[in-house]
Amino acid sequence: LYYQVLNFAMIVSSALMIWKGLIVITGSESPIVVVLSGSMEPAFHRGDLLFLTNFHDDPIRAGEIVVFKVEGRDIPIVHRVIKIHEKENGNIKFLTKGDNNEVDDRGLYKEGQNWLEKKDVVGRARGFLPYVGMVTIIMNDYPKFKVCI
Amino acid sequence: KTVEDFTGPRERSDPGFVTFDITADLQSIFDWNVKQLFLYLSAEYSTKNNALNQVVLWDKIMLRGDNPRLFLKDMKSKYFFFDDGNGLKGNRNVTLTLSWNVVPNAGVLPLVTGSGHVSVPFPGTYGTTK
């Protein structure tokens with residue numbers, strides 16, 4: 001029994017190390033995210049998995065797909081950058097919009113906030129796998145399922 | 001012309017109006033792993049206020065299987081082309097570039113900029129609307 005517990009602990013710590021390692025390598029606090037809404041269809045659907053990087057020196061440019069969090073909210077949003085205004089010192093403000101949405105994201109930002117800044121960005125979408133994230137969504141929608149696992 | 005920009009802070013900003021033609025053949029980009037292309041036309045320019053500005057004027061989603069040849073004429077911009085300030089008037093160098101995001105069935109998401117671009121100088125005075 002002792003051996004089994006140790007074995008299990010090894011597996012858990014390896015998984016944790018890999019995850020933390022990913023966070024360091026990509027520079028993003030959340031290098032793998034699940035797409036939660038249909039606002040980027042037909043490119044991404046609910047349940048798709050996105051791989052992000054967040055290198056500090058990577059400039060934000062129009063057309064990039066970024067994952068950001070609105071101040072005070074926990075849910076990351078995956079949309080495309082449609083406007084940027086960058087000052088010489090590197091200060092940048094930008095606007096986003098979901099491909100499948102009619103209007104830009106100003107309605108999603110904080111009250112009175114009209115632009116996003118670098119600090120709101122969790123990462124840039126670099127790669128993607130379809131459907132794989134469905135497990136997380138099912139577990140969230142049906143907590144009973146989580147208990148089963 | 002200068003117009004109140006209700007979408008931003010309550011200051012006056014310059015809106016720009018651009019019409020354009022696009023002829024393109026994107027057949028060679030589509031392969032077995034390309035689910036769709038997200039095409040967009042962006043305008044890039046510098047102003048006194050901001051060293052770099054990029055505004056997406058128009059975009060289109062092209063799915064694999066759609067006609068890969070574009071032959072668009074006299075298109076108007078889909079999105080409001082507001083500057084952050086008054087930097088469009090008399091701006092000699094607004095560069096329009098067509099770029100696209102390749103969305104694969106699975107894998108990496110590259111952003112590609114088309115080679116070649118058009119530079120458009122903006123008039124030095126405000127125009128009037130029809």
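As the structure is a prediction and not an experimental result, all values here were calculated from the model.
Note: A:E86 leads A:E86, A:K83, A:R61 in heavy-atom pairs under 4.5 Å with chain B. Counting heavy-atom pairs closer than 4.5 Å to chain A, the top residue among B:S42, B:S46, B:P104, B:A43 is B:P104. For the options B:V56, B:N105, B:L52, heavy-atom pairs under 4.5 Å to chain A are most numerous at B:L52. Chosen from A:K97, A:E64, A:R126, the residue pairing most often with chain B at heavy-atom distances under 4.5 Å is A:R126.
Residues A:W115 and A:H85 approach most closely at CH2-CD2, 3.4 Å, considering heavy atoms.
Contact of A:I65 with chain B is made through the side chain alone, with heavy-atom distances under 4.5 Å. Contacts between B:L63 and chain A at a heavy-atom distance below 4.5 Å involve the side chain alone, from C-beta outward. At a 4.5 Å heavy-atom cutoff, the contact between B:V103 and chain A is made by side-chain atoms alone. No part of A:Q113 comes within reach of chain B, as not one of its non-hydrogen atoms sits under 4.5 angstrom from that chain.
Taking the six-membered ring for Trp and the full ring otherwise, A:F128 and A:F51 have centroids separated by 6.0 Å or more.
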> Under the salt bridge (Lys or Arg N to Asp or Glu O under 4.0 Å) criterion, do A:R80 and A:D99 qualify, and how do the steps go?
Replying inline: CA-CA 7 Å; A:R80 196 181 296 273; A:D99 288 348; 3.0 Å; yes
>> Working note: A:V33 + A:L52, criterion side chain to side chain contact (heavy atoms under 4.5 Å, CB included); need CA distance, chi angles, decisive distance, verdict.
In response: CA-CA 8 Å; A:V33 291; A:L52 314 178; 4.0 Å; yes
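Between A:Y109 and A:F68, the ring-plane angle classifies as perpendicular under the 30° and 60° cut-offs.
By the neighbour-count criterion of 12 heavy atoms within 6.0 Å, atom NZ of B:K48 is sparsely surrounded, having that number or fewer from other residues, nucleotides or ligands.
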